[in-house]
Amino acid sequence: MHTDRKIRVRFAPSPTGALHIGGVRTALYNYLFAKRNGGDMVLRIEDTDTNRYVPNAEKYIIEALNWLNIKFDEGVSFGGNFAPYRQSERKEIYKSYVNQLLDTGKAYIAFDSPENLEEKHTQIANFQYDASTRIAMLNSLTLSKEEVEKRIATGEKYVVRVKIEPNEDIVVNDLIRGEVHINSSILDDKVLYKSFDGLPTYHLANIVDDHLMEITHVIRGEEWLPSAPLHVLLYRAFGWENTMPRFAHLPLLLKPDGKGKLSKRDGDRLGFPVFPLDWIDEKTGEKSSGYREAGYFPEAVINFLALLGWNSGTEQEIFSMEELIQIFSLERCSKSGAKFDFEKGKWFNHKYLQVRNSENLAKYLIPVFKEKNIDFDKNKLLEAIDAVKERATFPKDLFDLLLFFFVAPQDFNENDVKKRWKEETSQLLTELIPVLESMENFDNEYLTEETVKQWCEQKVCNLGSVMNPFRLTLVGEMKGPQMFVVTKILGKNETLKRLKFALEKLNLFKQ
RNA sequence: GGCGCAUUCGUCUAGAGGUUAGGACGCCGCCCUCUCACGGCGGUAACACGGGUUCGAGUCCCGUAUGCGCUACCA
């Protein structure tokens, strides 16, 4: 019907707090879909809820998506031909469209106070403001024209409600779920325009903006599926049905344990972030941690999120953003909610850490070294990172893994000493000293290894009986990279110094 | 309560009538090995249930159950 139109999608968050990771995924899928199809991605801020508005939220949303490399073609802070993109700045636009609905009899004015409605709800089970009940309410359908005008003239508050015609079959054609049918009688006459702040509700603003901004595809969370029929009706009421966007309702992101959709409380309860960036609630002072600060790489978060509700149909699991753009499709989105498994998230981060070079990873470490006043040689640091990074999931893991290169062990792991420091150990290691001293340097780890191994063979001792305690003297415990990579990075002087120190200390200890 | 959506290993998922139901994370074991890791190999473990349709159903239909979502002058 509208294949000739340029693909345009929007990500339309409400600035009510930090952007939830589920929202990030919605943004991602919109982005991937748009880029896959050569379309545009619009950022629209839906700030029609004045009560829940949080000032810093908009900034947070923009910063978070920027960190994740999800880019917009237009919208708040990006410019574009359909400005303004902030709904609070579009009041007059909505007003004229509400009037259009009023003029054509698709909507009506209602004076019923919130208290009055509350009373109805308590009096009548399952009360709903609709075709069957509106005749008994205070609205422009039941009141005379003069009465309505009089009430408005005296400043009485009123809302505008959509007039839903009962008993109509409404079909929502969803790109992920197929046809969803519902009968209009179960819909209520939703408020389109609020009485107190001169702003429309989501439903009205959404339809008007998507139409005006020429949005072709609405990709949003499944929680919107129940109101999609209302939206279809609104497009119809405006006479915009032939350019109505296609809908795709994404499955929800669920709590890792228990049930229900992932909420912001789950993060700190279960020890992993549910927000892209750290967030401090200004009202309560409550801090929630973010993926960035927790040490996740944006590409790992993207990869992880992409696979939560979508898959390529192949066995490939590692995808760059570019690859995702090439291969993404709504048809391959799943229909059921996905539980959030952060163990898999860690695995992705581990994978992405491995392909980062040491120079890049050093950026995370250098501030820590400086803060802790630890001397380091940049080149040695880079070598050390390469030597230990396969053990790390997060950049911060690297610090503990390579600290021994820069700070000589003063103590030795008791269990390891017990297990590896045998009767003959000090004798052996003492004899190893001149062997090492005879070498010019340790720059060639294969040569060092060969030298030690040959000496060992001559002594007819088993290699482990030398290597294990030797490791203990240099590292302080039984972990770390290949021994002769360690000696290479440490250098000859430092190696011998540590060896001698340990011999002294451990012999005392043993006595 | 009403309406809607969903249901394959613990988790993410492949599967579009005929498969020993595949992969990944996690877990376990083995190999590699100077330690810890990495890596390699292997193992563990699933079609919610009941009816149909069909020669044949994880795949199609109906029902039940369960879960989730929505049911605000919030989005």
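Proteins get letters first, then strands, A, B, ... in listed order; numbering begins at 1 in each.
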Classify the nucleic acid contact of [X] as base, sugar-phosphate or nothing, counting any heavy atom under 4.0 Å across all strands shown.
{"X": "A:Arg220", "result": "nothing"}
{"X": "A:Gln482", "result": "base"}
{"X": "A:Lys346", "result": "nothing"}
{"X": "A:Asp112", "result": "base"}
{"X": "A:Pro13", "result": "nothing"}

Quick one: A:Glu223 CD to B:rA75 P, roughly how many Å, whole number?
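It is 13 Å, rounded to the nearest whole Å.
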Could you tell me the separation between the CG atom of A:Asn311 and the P atom of B:rA16, rounded to a whole number of Å?
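That distance rounds to 13 Å.
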I want to verify a distance call: between [options], whose nearest atom is closest to the [X] side chain?
{"X": "A:Glu315", "options": "B:rC34, B:rG22, B:rG15", "answer": "B:rG22"}
{"X": "A:Phe196", "options": "B:rC73, B:rG22, B:rA14", "answer": "B:rC73"}
{"X": "A:Glu46", "options": "B:rG23, B:rG15, B:rA75", "answer": "B:rA75"}
{"X": "A:Thr201", "options": "B:rC73, B:rU71, B:rC34", "answer": "B:rC73"}

Hunt down the Watson-Crick or G-U wobble partner of B:rC68, both distances under 3.5 Å, from any strand shown, or write none.
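Here B:rC68 is engaged in a pair, and the nucleotide opposite it is B:rG4.
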When the ring planes of A:His249 and A:Phe247 are compared, do they come out parallel, tilted or perpendicular, using 30° and 60° as the limits?
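Taking A:Phe247 first and then A:His249, their aromatic rings lie parallel (interplane angle under 30°).
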Test: A:Lys396 cationic atom under 6.0 Å from A:Phe399 six-membered ring centre, within 45° of axis
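Not flagged: A:Lys396 not positioned over aromatic ring of A:Phe399.
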Is it true that the NZ or CZ of A:Arg25 lies under 6.0 Å from the centre of A:Tyr29's six-membered ring and within 45 degrees of the ring axis?
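Positive - A:Arg25 is close enough to the ring of A:Tyr29 and near enough to its axis.
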Rounded to whole angstrom, note down the C1' distance from B:rC28 over to B:rC34.
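B:rC28 and B:rC34 have their C1' atoms separated by 25 Å.
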Which value, in whole Å, describes the distance between the P atoms of nucleotides B:rC30 and B:rC38?
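It works out to 16 Å between them.
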Summarise how protein sits on nucleotides 2-12 of chain B as a single string, 5' to 3': B when a protein heavy atom is under 4.0 Å from the base, S for sugar-phosphate-only contact, - for no contact.
-SSSSS---SS
Sugar-phosphate or base contact per nucleotide [nucleotides 37-48 of chain B; S, B, -; heavy atom under 4.0 Å]
BSS---------
Aromatic contact, [X] with [Y] (centres under 6.0 Å):
{"X": "A:Tyr158", "Y": "A:Phe196", "answer": "no"}
{"X": "A:Phe272", "Y": "A:Phe340", "answer": "yes"}
{"X": "A:Phe275", "Y": "A:Tyr291", "answer": "no"}
{"X": "A:Phe342", "Y": "A:Trp347", "answer": "no"}

Give a yes/no answer on whether the side chain of A:Lys419 brings an N or O atom under 4.0 Å of OP1 or OP2 in B:rC36.
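For B:rC36, neither OP1 nor OP2 has a side-chain N or O of A:Lys419 closer than 4.0 Å.
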When you check the phosphate oxygens OP1 and OP2 of B:rA14, does a side-chain N or O of A:Thr314 lie under 4.0 Å from one of them?
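No, outside the criterion.
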Only one of A:His217, A:His231, A:Arg44 clears side chain to side chain contact (heavy atoms under 4.5 Å, CB included) with A:Asp210; which?
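With A:Asp210 as partner, side chain to side chain contact (heavy atoms under 4.5 Å, CB included) holds for just one option, A:Arg44.
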Answer yes or no: is there an ion pair linking A:Lys459 with A:Glu424, defined by an N-O contact shorter than 4.0 Å?
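So A:Lys459 does not pair with A:Glu424 through a salt bridge.
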Is the closest basic N to carboxylate O distance between A:Asp188 and A:Lys190 below 4.0 Å?
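Judged by the 4.0 Å cut-off on N to carboxylate O distance, A:Asp188 and A:Lys190 do form a salt bridge.
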